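For reference, the structure discussed in these notes is given below.
Only a predicted model underlies this, so the values are computations on that prediction, with no experimental measurement involved. Reminder, nothing fancy here: chain letters follow the sequence lines and each chain counts from 1.
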Protein chains: 4
Amino acid sequence: MRGYTMNKQDYLNRLRRIEGQVRGLQRMIDEDAYCIDVLTQIASVSKALQGVGLGLLDEHLRHCVRAAAAADRTEGDAKVAEAVRAVERLLRT
Amino acid sequence: MRGYTMNKQDYLNRLRRIEGQVRGLQRMIDEDAYCIDVLTQIASVSKALQGVGLGLLDEHLRHCVRAAAAADRTEGDAKVAEAVRAVERLLRT
Amino acid sequence: MRGYTMNKQDYLNRLRRIEGQVRGLQRMIDEDAYCIDVLTQIASVSKALQGVGLGLLDEHLRHCVRAAAAADRTEGDAKVAEAVRAVERLLRT
Amino acid sequence: MRGYTMNKQDYLNRLRRIEGQVRGLQRMIDEDAYCIDVLTQIASVSKALQGVGLGLLDEHLRHCVRAAAAADRTEGDAKVAEAVRAVERLLRT
C-alpha cells in the first residue's frame, strides 16, 4: 500500500489521457502538422506529466515521510533527502 | 512538407517509445510501485519528450525560419518570435 | 530559528557568489559578449540558484514539516501542500 | 556589435534589478525568513533571469542566425544547432 493508493484510479485516468495525447503527437507528426503546434502540444503533455508527478510527491511526503518521521529521525531524514533528489530530477528535465 | 519531414520516422519511433513509457507508468501505479520510482520514471519520460521538442525546434529553425528570413525580414522576425514563445512554453513546464 | 539556521553562512556564501555571477553577466552585456556565452552563463546562475532552493527545501521538509506533522496531522498535511506548491513554482520557471 | 546591442541598456537594467533581488535573498536568509518565502523569491529571480535569456535568444536568432543563413547554409545550420544547445542548457536547469 502506497501514499497514492486512495487516488489510484485518478492517476490511472490522467496517465491514460497522457497516453492519448502522446498518440495525438504521433498523428500530428504523421500528418505533417506545423512544428510550432507540435511544440505547443509537447509543452502541454509535459505539464500534464508534471501534474501527476507533483500529485505523487504530495502524497508521498504526506504518507511515507510522515510515517518514517514518526518511526525514526535518521530514517525520516533519508526519506526527505530521497524526495528532494526526486524533485531535482524533475527540475533537471 | 515540414522541416522534420526527412526524420519523420525517427520522431514517430521516439514517440512510440514514449507512449510505451506512459503505459509503463500506468502499470507501475497499478502495481503500487514505490512513489519515488514512479517520479524517476516521470522525469525520464519528460526528458524524452523534451528531446523530441528540441529536435523539432532545431529543424524548425533551420528550415521554416530560415526560409521566412530569406524571403522577408518582417516575416523572418515574426517566425523567430513565434519560435521563442514556443521555447518559453517548454521552459514554463 | 529556521530549518536552515545551522547552514546560514553556507547559504549566504552561495548567494554572494550568485550575486557576483549576476554582476559578471552585466559585464558581459556591457562588453558585447557573444549571445550564446551569455545564455550559457545564465543557465549556470539559474542552476546555482536552484541548488540553493533545493537545499532550503531539504531542510524545510526535515525540520518545519516534520515538526508540524509530529504535532498535528492536519497541520502536517498543510505544510506538505505548501512545500509542494513551492516546488511547483520552481518547476514552472 | 551584437544582436542585443540596441537594447543593451534594457538588459543592464534588468540584470541590476536581478542583482538587487539576489541581495534581497541574502537579507531574507540573514533575518531567518520563512523557508517557503525564500523559495518563492528564488522562483521569481529564476523567472526574471529566464526572461533575460529568452530576450537574448530572440535577438540572437533574429540577427546572428539570419546573417549566417544569408551567408552560408552550413554556417547557418551550425548557428541554429548552437542556439538549440543553449536552449537545452536553459531547459536542463
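To the nearest 0.5 Å, atoms CG (D/L91) and CG (B/L91) are separated by 4.5 Å.
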side-chain contact (heavy atoms from CB on, under 4.5 Å) between B/Q41 and B/V38, worked out: CA-CA 5 Å; B/Q41 184 62 7; B/V38 184; 5.6 Å; no

Show the atom names and distances, to 0.1 Å, of all donor-acceptor pairs under 3.5 Å that link a side chain in residues 45-59 of chain D to residues at least two apart or in another chain.
unit_1: D/S46; atom_1: OG; unit_2: D/I42; atom_2: O; d: 3.1
unit_1: D/Q50; atom_1: OE1; unit_2: B/R92; atom_2: NH1; d: 2.3
unit_1: D/D58; atom_1: OD1; unit_2: D/R62; atom_2: NE; d: 2.8
unit_1: D/D58; atom_1: OD1; unit_2: D/R62; atom_2: NH2; d: 2.6
unit_1: D/E59; atom_1: OE1; unit_2: D/N7; atom_2: ND2; d: 2.8
unit_1: D/E59; atom_1: OE2; unit_2: D/N7; atom_2: ND2; d: 3.2
unit_1: D/E59; atom_1: OE2; unit_2: D/Y11; atom_2: OH; d: 2.7

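Annotation: residues 14-31 of chain D contacts chain B through no residue [non-hydrogen atoms, separation under 4.5 Å].
The only member of D/D77, D/V87, D/L61 that meets side-chain contact (heavy atoms from CB on, under 4.5 Å) when paired with B/L61 is D/L61.
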